[in-house]
Colleague: 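Could you have a look at this structure, given as structure tokens, before my questions?
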Protein chains: 2
Amino acid sequence: MRGEFNKNEICEITVIHADIVDKVKKLMPEEEKLYDLAELFKIFGDTTRIKILCALLKSEMCVCDIAATLGMNQSAVSHQLRILKQSKLVKYRKDGKVVYYSLADDHVIKIFEQGFNHIEE
Amino acid sequence: MRGEFNKNEICEITVIHADIVDKVKKLMPEEEKLYDLAELFKIFGDTTRIKILCALLKSEMCVCDIAATLGMNQSAVSHQLRILKQSKLVKYRKDGKVVYYSLADDHVIKIFEQGFNHIEE
DNA sequence: TAAACGTATGAACAAATATTCATATATTTA
DNA sequence: TAAATATATGAATATTTGTTCATACGTTTA
């Protein structure tokens with residue numbers, strides 16, 4: 001009874017095709033790289049951030065105008081902008097007390113395109 | 001003192017560039033589309049699911065082999081496969097009691113590519 | 001220089017979600 | 001047919017995370 005026996009082992013994982021498991025294990029990218037990839041997509045996995053990025057796709061905007069466009073309060077938008085900034089998806093410039101945000105590069109556009117491709121079919 | 005006044009209003013959002021806000025509002029995709037886009041990226045925003053997809057990128061695999069490859073228990077993998085299945089990112093076929101999963105189409109590859117492009121610079 | 005204003009941020013709270021555990025289901029095999 | 005096995009799933013728990021509120025910071029202006 002392998003199941004019962006294995007319950008006290010380090011790991012009760014069963015393997016059916018050891019060859020495939022070995023092959024795929026070798027082909028998998030580094031753990032850290034996959035972690036970073038998930039972290040990146042996590043940024044896109046929030047409606048507020050998607051809306052902000054989508055707005056910046058159309059125009060550079062200041063914080064309060066973004067808030068007005070989305071119908072959200074300034075604080076919520078500011079918090080999310082911080083996350084987008086940390087992920088290097090947006091950049092900003094200051095003009096007096098106004099801070100203008102814009103897309104950091106065109107990766108956002110490409111990622112959006114692929115996303116839309118999937119949901120539109 | 002507009003700030004204090006507005007605290008009792010429906011909405012205290014300030015607008016600096018009304019023209020830009022109006023323009024961007026018109027150009028924004030439908031709310032529902034953006035929601036769906038965020039939902040899609042949310043799927044990619046989890047390390048376990050990223051690893052599963054990455055494994056399936058290399059080979060069709062059964063549930064327990066995926067679990068063995070990732071060093072996770074069968075239940076956790078099965079739960080995540082259900083989510084991937086619902087999002088139509090993976091498909092499956094049954095052979096006796098074994099269920100084999102594979103990528104539904106090549107959208108996953110494209111989305112991965114764009115993601116890696118961003119983190120690798 | 002004091003008030004107003006645009007933005008940033010820490011803390012608190014609420015909601016979402018991933019994993020584990022136990023168990024159910026379905027298929028094969030002895 | 002009973003036992004073994006591969007997978008699925010509901011419930012519980014723990015963690016993560018988004019929003020709100022209050023307030024701080026930095027800049028402008030009266």
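Any value given below was found using the heavy atoms of this structure, including those in side chains, with hydrogens, waters and symmetry copies removed. Letters A, B, ... are given to chains in the order of the sequence lines, protein chains preceding strands, and every chain is numbered from 1.
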Colleague: Out of D:dA22, C:dA18, C:dC21, which has the shortest distance to the side chain of B:Ser75?
Modeller: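 Among D:dA22, C:dA18, C:dC21, the one nearest the side chain of B:Ser75 is C:dC21.
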Colleague: Do B:Lys33 and A:Phe116 have side-chain heavy atoms sitting under 4.5 Å apart?
Modeller: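 With C-beta onward as the side chain, the pair touches.
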Colleague: What is the distance, to the nearest angstrom, from the CG atom on B:Asn73 to the P atom on D:dT5?
Modeller: 18 Å
Colleague: Examine A:Lys91 relative to A:Tyr101 and say whether NZ or CZ is less than 6.0 Å from the centre of the six-membered ring and inside a 45° cone about the ring axis.
Modeller: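 No, A:Lys91 and A:Tyr101 do not form such a contact.
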Colleague: Does B:Tyr101 have a side-chain nitrogen or oxygen under 4.0 Å from the phosphate oxygens OP1 or OP2 of D:dA6?
Modeller: no
Colleague: Taking OH from B:Tyr92 and C1' from D:dT7, how many angstroms apart are they, rounded to a whole number?
Modeller: 12 Å
Colleague: Does a distance-only test, which skips hydrogens and angles, find a donor-acceptor pair under 3.5 Å between the side chain of B:Gln74 and the base of D:dA6?
Modeller: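 Flag unset: no donor-acceptor pair detected.
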Colleague: Taking CD1 from A:Ile66 and P from D:dT19, how many angstroms apart are they, rounded to a whole number?
Modeller: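 Those two atoms, CD1 and P, are 14 Å apart.
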Colleague: Specify the separation, in whole Å, of atom CG of B:Asp46 and atom P of D:dT16.
Modeller: 12 Å
Colleague: Do the side-chain N or O atoms of A:Arg49 get closer than 4.0 angstrom to the phosphate oxygens (OP1, OP2) of D:dG18?
Modeller: yes
Colleague: Under 4.0 angstrom, heavy atoms only, what part of the nucleic acid is B:Tyr100 near: base, sugar-phosphate, or nothing?
Modeller: nothing
Colleague: Name the residue closer to the 5' end of DNA chain D, choosing between A:Lys94 and A:Lys42 according to the nucleotide with the nearest heavy atom.
Modeller: A:Lys42
Colleague: Name the closest nucleotide to the A:Val99 side chain, picking from D:dT7, D:dG18, C:dA8.
Modeller: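 Of D:dT7, D:dG18, C:dA8, C:dA8 is nearest to the side chain of A:Val99.
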Colleague: Whole-Å distance between D:dT16 C1' and A:Gln80 CD?
Modeller: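 In whole Å, D:dT16 C1' lies 13 Å from A:Gln80 CD.
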Colleague: On a plain distance test, is the side chain of A:Thr14 in donor-acceptor contact with the base of D:dT5 below 3.5 Å?
Modeller: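 There is none.
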Colleague: B:Val63 side chain: which of D:dA8, C:dG6, C:dT19 is closest?
Modeller: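 Between D:dA8, C:dG6, C:dT19, the one nearest the side chain of B:Val63 would be D:dA8.
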Colleague: Grab the NZ-C1' distance between A:Lys97 and C:dG6 for me, whole Å please.
Modeller: 7 Å
Colleague: Quiz question: going by heavy-atom distance under 3.5 Å, is there a donor-acceptor pair between the base of D:dT20 and the side chain of A:His79?
Modeller: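 Such a pair exists between side chain and base.
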Colleague: Measure CD1/A:Ile83 against C1'/D:dG18 and give the value in whole Å, please.
Modeller: 8 Å
Colleague: May I have the distance from B:Met61 (atom CE) to D:dA6 (atom C1'), rounded to whole angstrom?
Modeller: 15 Å
Colleague: Kindly point out which of D:dT7, C:dT20, C:dT19 is positioned nearest to the side chain of B:Cys62?
Modeller: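 Of the options given, the side chain of B:Cys62 lies nearest D:dT7.
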Colleague: Donor-acceptor pair, distance only, cut-off 3.5 Å: does the side chain of B:Asp65 make one with the backbone of A:Val15?
Modeller: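 No: the side chain of B:Asp65 does not pair with the backbone of A:Val15.
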Colleague: With a 3.5 Å cut-off and heavy atoms only, can you find an N or O donor on one side and an acceptor on the other between the side chain of B:Ser78 and the base of D:dT9?
Modeller: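 Absent.
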Colleague: Examine distances only and state if a side-chain atom of B:Asp106 and a backbone atom of B:Ile109 form a donor-acceptor pair shorter than 3.5 Å.
Modeller: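 A pair under 3.5 Å: no.
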Colleague: Evaluate B:His17 against A:Tyr100 for ring-ring contact (aromatic ring centres under 6.0 Å, His included), listing each step before the verdict.
Modeller: CA-CA 11 Å; B:His17 311 84; A:Tyr100 293 92; 5.7 Å; yes
